[in-house]
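Worksheet: one structure, shown below.
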Amino acid sequence: MRKQEVSALIIGRFQPFHNGHLEVIRNIANRCDRLIVGIGSAQLSHTFDNPFTAGERHLMISRALHDDGMEDFFLVPMVDINRYAIWVAHVQSLVPPFQDVYTNNPLTRRLFEEAGYNVCSAPLFNREIYSGTEIRRRIVNKKEWEHLVPKGVSETIYEVHGDQRLQDITKNHSYEVTI
Ligand code: NAP
């Protein structure tokens, strides 16, 4: 019989997946046998807040985790259902069984605790530098951003012309770079 393994779940939108997310995931991977990464708001793409499709984010994250030496993980796209009372059941229906949930979002914490899960904090590493919003602003403003994400992420963004997409869809708006 297999020994009891601990699976941990972390959910984010990863727009895009950056070095701060990677550091959080490395820490979680050290504390569990199997990692499940939920790619949240999977239905959204082609906006400033959510420029990349679920498939593109899947490719970015899988490349970044493989390049980092990780093998035992599941990446699961999750469409929002916007009914908080049944959201945990929705997540359960999509992913392999898990025991621990890592989140910093108070609502997500609350929903999983009410469902009886062990919920742990997962603060983002170097938040002043690693921020999805800031990376998107930098792409829009054609400032350097590649050093803020794993190589597999910048490669994916260039492959799908994600930089040009962000610049096109924000043409009539201004997004100031802050760092
Ligand atoms: P999120 O949308 O990925 O992140 C929201 C904000 O928190 C972003 O500014 C993000 O920064 C930041 N953040 C992410 N991880 C962090 C961390 N470990 N420490 C500090 N800040 C962090 O994540 P979320 O709000 O937790 O939501 C996850 C997904 O679950 C979303 O797709 C959401 O729609 C979904 N959800 C759905 C329902 C429902 O449909 N009923 C209910 C709850 C949650 P970055 O931009 O740098 O990542």
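The residues of the chain are indexed from 1 along the displayed sequence. Both ligands and their constituent atoms are indexed starting at 1 by order of listing.
Between Ile139 and Gln167 the shortest side-chain heavy-atom distance falls below 4.5 Å. Residues Ser45 and Asn50 have side chains not in contact (no heavy-atom distance under 4.5 Å, counting atoms from C-beta outward).
The protein heavy atom nearest to atom 18 (N) of ligand 1 is Ala122 O, 2.4 Å. The nearest protein atom to atom 3 (O) of ligand 1, hydrogens excluded, is given as Arg13 N, 2.8 Å; this is a heavy-atom distance. Trp87 CD2, 3.4 Å is the protein heavy atom nearest to atom 42 (C) of ligand 1. At the shortest separation from atom 41 (N) of ligand 1 among protein heavy atoms lies Tyr84 CD2, 3.3 Å. The protein non-hydrogen atom at the shortest distance from atom 9 (O) of ligand 1 is Arg127 NH2, 3.2 Å. Here the protein heavy atom with the shortest distance to atom 48 (O) of ligand 1 is His21 NE2, 2.8 Å. If you check which protein heavy atom lies closest to atom 33 (C) of ligand 1, you get Asp80 OD1, 3.8 Å. When hydrogens are left out, the protein atom nearest atom 23 (O) of ligand 1 is Gly12 CA, 4.1 Å; that is the closest non-hydrogen contact.
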Next item on the list: Carefully, step by step, assess Phe52 and Phe14 under the rule ring pair (Phe, Tyr, Trp, His ring centres under 6.0 Å).
Entry: CA-CA 9 Å; Phe52 305 112; Phe14 307 117; over 10 Å; no
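Atom-to-atom distance recorded for Tyr102:OH and Leu9:CG is 11.0 Å, nearest 0.5 angstrom. Separation of atoms CG (Asp80) and CZ (Arg13) is listed at 9.5 Å; rounding is to 0.5 Å.
Taking a cut-off of under 4.0 Å to the non-hydrogen atoms of Asn82, the atoms of ligand 1 that pass are 39 (C), 40 (O), 41 (N). Those atoms of ligand 1 with a heavy atom of Ile81 less than 4.0 angstrom away are 40 (O). Ligand 1 places these atoms under 4.0 Å from at least one heavy atom of Ile11: 28 (C), 29 (C), 30 (O). Listed by number with element, the atoms of ligand 1 under 4.0 angstrom from any heavy atom of Gly132 are 45 (P), 46 (O), 47 (O). Shown in contact with Ser41 at under 4.0 Å from a heavy atom are these atoms of ligand 1, numbered in order with element: 31 (C), 32 (O), 33 (C), 34 (O). Counting the atoms of ligand 1 from 1 in the order shown, those under 4.0 Å from a heavy atom of Ser131 are 47 (O). Distances below 4.0 Å separate heavy atoms of Gly40 from the following atoms of ligand 1: 32 (O).
Residue contacts with ligand 1, taken as heavy atom pairs separated by less than 4.0 Å, do not involve His90 at all. For Asn105, every heavy-atom contact with ligand 1 shorter than 4.0 Å involves the side chain, none the backbone. Residue contacts with ligand 1, taken as heavy atom pairs separated by less than 4.0 Å, involve Arg83 solely via the backbone atoms N, CA, C and O. Counting heavy atoms closer than 4.0 Å to ligand 1, residue Leu124 contributes atoms from both its backbone and its side chain.
Distance check on atom 6 (C) of ligand 1: every protein heavy atom falls at or beyond the 4.0 Å cut-off.
Taking the centre of each ring, Tyr158 and Trp145 come in below the 6.0 Å mark. Ring centroids of His58 and Phe17 are separated by 6.0 Å or more, keeping the two rings apart.
Ring geometry for Trp87 versus Phe112: interplanar angle over 60°, hence perpendicular rather than tilted (30 to 60°).
Residue contact annotation: Glu134 has no non-hydrogen atom under 4.0 Å from ligand 1. Heavy-atom separations between Gln15 and ligand 1 are all 4.0 Å or longer.
Taken together through direct or relayed side-chain contacts under 4.5 Å among Ile, Leu, Val, Met, Phe, Trp and Tyr, Ile61 and Ile11 form parts of separate hydrophobic clusters.
Both cation-pi conditions hold for Arg136 and Phe48: the charged atom is under 6.0 angstrom from the six-membered ring centre and inside a 45 degree cone around its axis.
In terms of modelled atom types and a separation under 3.5 Å, the side chain of Glu5 and the main chain of Asp33 share no donor-acceptor contact. A donor-acceptor pair under 3.5 Å links the side-chain atoms of Glu56 to the main chain of Thr53, judged by distance alone.
A pairwise comparison of heavy atoms in His66 and Met70 identifies ND1-O, 3.5 Å as the closest pair.
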